[in-house]
Amino acid sequence: MRTLCRSLAFGLLSAASGPLLAAGAHVHGLVTVDIAIDGPALVVQVDAPLDSLVGFEHRPRTAAQRQAADAAIARLKNSVGIVRLDAAAKCEPTDTRVQAEALQPVPPGSTAPATGEHADLQASYSFRCAAPEQLKAVDLALFEAFARIQRIEVQVAGAKGQTRVVLRRPASKVALTR
Ligand SMILES: [Zn+2]
């Protein structure tokens with residue numbers, strides 16, 4: 001019985017030590033993008049370390065940092081300036097979300113929550129395309145907009161399954177196979 005207990009404990013230990021590197025790993029200079037195409041609907045999700053966008057990963061402490069944060073968010077909220085699509089596909093933005101917890105202003109009277117060493121920004125761009133069959137590529141303006149981004153790992157999910165593409169500066173176009 002004693003032996004059984006010991007081997008059970010060993011089993012639990014080895015089960016807990018799985019691979020540590022998962023999707024969404026935080027690497028400075030690397031941005032991950034998920035593109036999902038479903039009929040007329042196109043969704044582009046961007047996950048970026050804040051360092052790659054503004055050069056810091058904490059609440060803005062100076063006027064210059066506040067300005068950098070505001071400029072980055074304003075640029076990312078302009079969906080058609082970040083995700084450029086073939087005009088023939090007649091895509092219209094339907095929803096745009098930009099979220100960066102660390103850059104949120106702290107409401108007066110409350111204390112800022114403790115932040116870790118790293119922080120990310122997530123952006124989500126939804127489009128509806130009247131002629132989705134004309135959509136040949138998704139052109140991402142992220143390298144142009146943010147000098148600190150070096151690499152973009154893109155995953156595309158569509159009717160024909162999933163593909164992965166790695167973009168290195170200055171390449172910006174993700175070809176779509178359908
Ligand atoms: Zn970081």
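In listed order, ligands and their atoms are each counted from 1.
The side chain to side chain contact (heavy atoms under 4.5 Å, CB included) with S126 is formed by just one residue from the set V44, T96, T94; it is T94.
H118 contributes ND1 as its N, O or S atom closest to the Zn ion (ligand 1). E57 has its closest N, O or S atom to the Zn ion (ligand 1) at the position named OE1.
Among the atoms of E117, no N, O or S atom is found under 2.8 Å from the Zn ion (ligand 1).
Here the NZ atom belonging to K160 is positioned 11.5 Å from the CD1 atom belonging to I37, to the nearest 0.5 angstrom.
Ring geometry, H118 versus H26: the interplanar angle falls from 30° to 60°, so the pair is classed tilted.
Inspection of the S172 and D139 side chains reveals an N or O donor paired with an N or O acceptor under 3.5 Å.
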